[in-house]
Amino acid sequence: MSATMLQVAEGLLALPGAKPLPHTYKDPISNLPTLPEAQVSDSSIPIIDLEALHGPRRSDIVKQLGQACQHKVVVKNHGIPRTTVSNIFDTTREFFHLPKEERMKFYTPDPNSDIRLMNAYKDEVANVFVARESLKFHCHPVENYVNKWPTNPPSFRKYAAEYLTNVRRVEITLLGAISESLGLERDYIEKKLGGHYVSLNYYGACEQSDLELTYGVRAHTDPTIITILLQDDVPGLQVLSEGEWMDVNPIPGTVVVHVGDLLQAISNHKFKSLLHQAMVNCEKERMSIASYCYPSSDAMIGPPKKLIDNDHPAVYKDFTFKEFSEQMWKVITFTDTRLDSFKCSTA
């Protein structure tokens, strides 16, 4: 494993309660389509009207969301003000345009740090360049962490707090509807919540000659309940759909919702965590804001009894989020194979 443990598992922050352990590394994604083989454009992605969850069509929207979670989801009318979206992108751009020595104040190889800058790097083994730069930090409750965030640019703390407060509200709304779509109480998943962290991602424009050897970030699923991704207007996100990479091009006024590994376990594999990657281009820089939702350390993960019967046996046994986090750092992998240790013997 090169490039400092592959930049500590492609830049994950250690989650609360987890301690990095002696690890092994698995690469289950080496047989996926390569860049030249990737297909583009996918017009079939469902767009869920989040505002309609607050009206008489709630049951219909809950059903639509449940169906969408089996594939991939885009959400509109999420209620995050346009100015808030514009401000978080402006301050992200300003941060990554700062001199390198200013940005490097937040660099640390310690995955337990509450805030951490990740730089682009070369993977010598795979002979690819991973071009993403990112600033990752814990952010909930905001008041517990805001004093650790950058003060340069001066707008950073104000604009980040505004965006993250709004996205937390979107998260709670989505999780309530997702719980209902599984036939559970609206607050079933919400009761398991712990913290929240965010990744401000920056992808510089790439030289045309290097394009086929450069990734923004390589294929992976997220070790979360859900991830809420805000894209700017530059394409780059791809998801694996029926064995082919498909573009998820930006749609103004929307966010993309990724089902994470933990929701896959909670749903008894009804919902599948989304394998995705980010590409770069040679014309424009690109930015995205990824908000990661995860449980408290002692939260019990695994399918509730209501989802298990003779026709739907349990795929996963019960485990705590702390157990999952420790296993994730013990065996470094980038897909839902993180869950293999928690599968029932009959699954």
Side-chain angles (χ1 to χ4, degrees), residues 42-92 139-142 158-193 196 198-200 222 224-235 237 239 247-260 263 266-267 270-271 273-274 276 287-294:
D42 180 9
S43 59
S44 65
I45 298 176
I47 300 178
I48 304 300
D49 186 350
L50 199 66
E51 187 177 40
L53 284 173
H54 304 293
R57 295 182 56 231
R58 180 179 179 88
S59 60
D60 292 336
I61 302 301
V62 164
K63 183 177 179 180
Q64 291 175 22
L65 181 60
Q67 292 171 342
C69 281
Q70 299 177 48
H71 307 285
K72 41 198 174 291
V73 190
V74 172
V75 170
K76 68 177 182 178
N77 293 332
H78 45 65
I80 304 175
R82 290 183 182 179
T83 54
T84 300
V85 170
S86 177
N87 288 341
I88 190 62
F89 278 131
D90 286 346
T91 203
T92 299
C139 55
H140 182 79
V142 166
K158 179 177 185 291
Y159 290 161
E162 288 175 354
Y163 175 75
L164 293 166
T165 299
N166 274 277
V167 83
R168 182 71 172 188
R169 174 186 47 76
V170 174
E171 176 183 284
I172 297 300
T173 301
L174 280 168
L175 292 178
I178 289 170
S179 293
E180 288 185 66
S181 76
L182 291 169
L184 306 172
E185 295 296 321
R186 185 181 298 188
D187 62 354
Y188 180 86
I189 298 176
E190 182 183 346
K191 287 179 178 178
K192 297 180 180 295
L193 291 184
H196 188 130
V198 66
S199 179
L200 310 185
D222 292 338
T224 60
I225 300 176
I226 59 172
T227 300
I228 298 176
L229 184 72
L230 179 69
Q231 301 190 83
D232 67 3
D233 60 352
V234 180
L237 175 64
V239 301
D247 287 338
V248 182
N249 290 328
I251 301 173
T254 67
V255 294
V256 179
V257 180
H258 298 170
V259 168
L263 183 54
I266 292 170
S267 71
K270 179 178 181 179
F271 303 152
S273 58
L274 185 68
H276 57 286
M287 292 175 294
S288 67
I289 316 293
S291 300
Y292 303 102
C293 165
Y294 57 86

Side-chain contact, heavy-atom cut-off 4.5 Å: [X] with [Y]?
X: Ile172; Y: Leu193; result: yes
X: Val257; Y: His78; result: no
X: Ser273; Y: Asp222; result: no

Could you measure the distance from the [atom1] atom of [X] to the [atom2] atom of [Y]? Nearest 0.5 Å is fine.
X: Leu237; Y: His276; atom1: CG; atom2: NE2; value: 7.0 Å
X: Leu164; Y: Ile289; atom1: CG; atom2: CD1; value: 8.5 Å
X: Ile226; Y: Leu175; atom1: CD1; atom2: CG; value: 4.0 Å
X: Leu65; Y: Ile48; atom1: CG; atom2: CD1; value: 5.5 Å
X: Ile80; Y: Leu230; atom1: CD1; atom2: CG; value: 6.5 Å
X: Leu174; Y: Ile228; atom1: CG; atom2: CD1; value: 5.5 Å

*side-chain hydrogen bond (donor to acceptor under 3.5 Å, both in side chains) contacts touching residues 59-68 (sequence neighbours left out)*: none
Please report the shortest heavy-atom distance between [X] and [Y], naming the atom on each side.
X: Ala52; Y: Ile61; answer: CB-CG1, 3.6 Å
X: Gly66; Y: Phe271; answer: O-CE2, 3.2 Å
X: Val62; Y: Ala177; answer: CG1-O, 3.6 Å
X: Thr224; Y: Cys293; answer: CB-O, 3.3 Å

*Any donor-acceptor pair under 3.5 Å from Asp247 side chain to Asn249 backbone*: no
*Can you tell me if Arg168 uses its side chain to pair, donor with acceptor, with the backbone of His196 under 3.5 Å?*
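It does not hold such a pair.
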Which side-chain N or O atoms in residues 84-91 pair as donor and acceptor under 3.5 Å with protein atoms at least two apart or in another chain?
residue : atom : partner : partner atom : Å
Asn87   : ND2  : Thr83   : O            : 3.1
Asp90   : OD1  : Arg93   : NH1          : 3.3
Thr91   : OG1  : Ser155  : OG           : 3.1

*asked:* Exactly one of Ile45, Asp233, Ile47, Val256 should register a side chain to side chain contact (heavy atoms under 4.5 Å, CB included) with Ile251. Which one does?
replied: Ile47
Cut-off 3.5 Å, no hydrogens considered: what does the side-chain donor-acceptor table look like for residues 181-189, sequence neighbours left out?
residue : atom : partner : partner atom : Å
Ser181  : OG   : Ile178  : O            : 2.7
Arg186  : NE   : Glu180  : OE2          : 2.9

